[in-house]
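Taking it in order: structure first as structure tokens, then the write-up.
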Amino acid sequence: MKLSEENKMSLLVSIHQLIEESANHTVNDIDNNKTDNLIDYPPNGGLTDAEKLELSKLSGNPILKSALRKVLASNTSDAFFGFLNILDGTSDPTVEYGEWGEVMLVDFDEENEMDSMLHDDFFGTYWDWKEKRPNPGWKLDLLDE
């Protein structure tokens, strides 16, 4: 069974909606100095007091708010596009846990019920990524290493 055209369009259009809503929500929180709820990735992520202070300088600047919204939306779309390329089989994961056998997104079938869901495992696998990632000289989480 393949993914129906209706489900494909619903999924892709919903991704665009999520990208826009996420960028808008984040920029509005920054503009209103609501930085405590801004970071939910990685699981122990957050902003230092110095980072919060710098973000507060963005408040009240509509041009900067517009630019930041565009940068966040573009960045998020890049991640989704990369993910969709892996699903489509046009690229392979760069971090492997064995041989990659490709996957397929299909319409739900009661006979093929899933025993595990990707969104349930997403945040927990950050620690696996952290062990494998090269050290770029900065970090996302608040742990001292």
Side-chain angles (χ1 to χ4, degrees), residues 1-58 64-145:
M1 177 190 297
K2 66 178 189 172
L3 186 63
S4 68
E5 188 65 22
E6 293 84 9
N7 280 346
K8 180 178 88 169
M9 291 304 294
S10 292
L11 177 65
L12 292 175
V13 171
S14 291
I15 290 171
H16 291 289
Q17 178 185 3
L18 291 167
I19 290 169
E20 182 176 323
E21 288 174 352
S22 179
N24 195 47
H25 176 75
T26 299
V27 169
N28 284 338
D29 279 353
I30 292 170
D31 192 43
N32 293 309
N33 292 317
K34 294 181 181 179
T35 54
D36 287 334
N37 299 327
L38 212 52
I39 305 293
D40 58 6
Y41 176 86
N44 69 332
L47 296 170
T48 65
D49 289 339
E51 290 168 335
K52 289 178 187 179
L53 180 63
E54 291 304 309
L55 282 176
S56 72
K57 295 175 183 177
L58 301 176
L64 188 54
K65 185 175 174 179
S66 175
L68 185 56
R69 186 181 294 116
K70 291 175 182 178
V71 167
L72 290 170
S74 181
N75 187 62
T76 305
S77 75
D78 289 346
F80 268 112
F81 189 74
F83 172 74
L84 294 172
N85 271 293
I86 292 170
L87 278 182
D88 287 341
T90 56
S91 69
D92 292 330
T94 57
V95 179
E96 295 187 19
Y97 283 87
E99 189 173 331
W100 176 246
E102 296 188 7
V103 297
M104 181 188 292
L105 189 61
V106 298
D107 286 344
F108 179 77
D109 181 349
E110 301 257 348
E111 294 176 15
N112 238 353
E113 198 168 332
M114 296 189 308
D115 59 352
S116 172
M117 298 204 148
L118 294 172
H119 74 273
D120 290 333
D121 296 332
F122 176 68
F123 286 107
T125 56
Y126 170 77
W127 307 112
D128 299 304
W129 161 241
K130 186 173 178 180
E131 284 180 18
K132 292 193 173 283
R133 78 189 272 267
N135 183 358
W138 57 274
K139 61 182 183 165
L140 294 172
D141 60 62
L142 295 177
L143 288 180
D144 290 329
E145 298 181 77

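S14 places a side-chain N or O within donor-acceptor distance of the main-chain N or O of S10, the cut-off being under 3.5 Å. With hydrogens and angles ignored, the 3.5 Å screen pairs a side-chain donor or acceptor of E51 with a backbone N or O of T48. Remark: the backbone N or O of N7 is paired with a side-chain donor or acceptor of S4 at under 3.5 angstrom.
When all heavy atoms of F123 and P43 are compared, the pair lying nearest together is O-CG, 3.3 Å. Looking at every heavy atom in both residues, S91 comes nearest to G82 through OG-O, 4.3 Å. Heavy atoms only, all atoms of each residue included: A23 and L72 are closest at CB-CB, 4.0 Å. Contact record, K57 with E54: NZ-OE2, 2.9 Å, taken as the closest heavy-atom pair. When all heavy atoms of W129 and V95 are compared, the pair lying nearest together is CZ3-CG2, 3.6 Å. In this structure, D36 and K52 approach most closely via the heavy-atom pair OD1-NZ, 2.6 Å.
Using the six-membered ring where Trp is involved, F122 and Y41 have ring planes that are parallel, under 30° apart on the 30 and 60° scheme.
Separation of atoms CG (N24) and CG (D29) is listed at 10.0 Å; rounding is to 0.5 Å. To the nearest 0.5 Å, the span separating CD1 on I39 from CG on L47 amounts to 4.5 Å. A distance of 11.0 Å separates CD1 of I86 from CD of E102, quoted to the nearest 0.5 Å. In this structure, CG in L68 is found 6.5 Å from CG in L58, a value given to the nearest 0.5 Å. Within the model, atoms CD1 of I15 and OG1 of T76 stand 11.5 Å from one another, a figure rounded to the nearest 0.5 Å. Rounded to the nearest 0.5 angstrom, E21 CD and H16 NE2 are separated by 13.0 Å.
With 3.5 Å as the limit, one finds a donor-acceptor pair spanning the side chains of T90 and N85. With 3.5 Å as the limit, one finds a donor-acceptor pair spanning the side chains of K65 and N28.
Between D78 and F83, every side-chain heavy-atom pair lies at or beyond the 4.5 Å cut-off. With contacts defined as side-chain heavy-atom distances shorter than 4.5 Å, the pair L11/L105 qualifies. Under the 4.5 Å side-chain criterion, counting only non-hydrogen atoms from C-beta, L84 is in contact with L12. For the pair K132 and Y97, the minimum side-chain heavy-atom distance is below 4.5 Å. Taking the side chain as every heavy atom from C-beta outward, D107 and K2 never approach each other to under 4.5 Å.
The environment of F81 atom CZ is sparse: at most 12 non-hydrogen atoms of other residues, nucleotides or ligands sit within 6.0 angstrom.
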Hey, mind stepping through L3 and V106 against side chain to side chain contact (heavy atoms under 4.5 Å, CB included) and telling me if it holds? CA-CA 4 Å; L3 186 63; V106 298; 5.6 Å; no
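Residue T26 forms a side-chain contact (heavy atoms from CB on, under 4.5 Å) with just one option from D31, N37, L38, and that option is L38.
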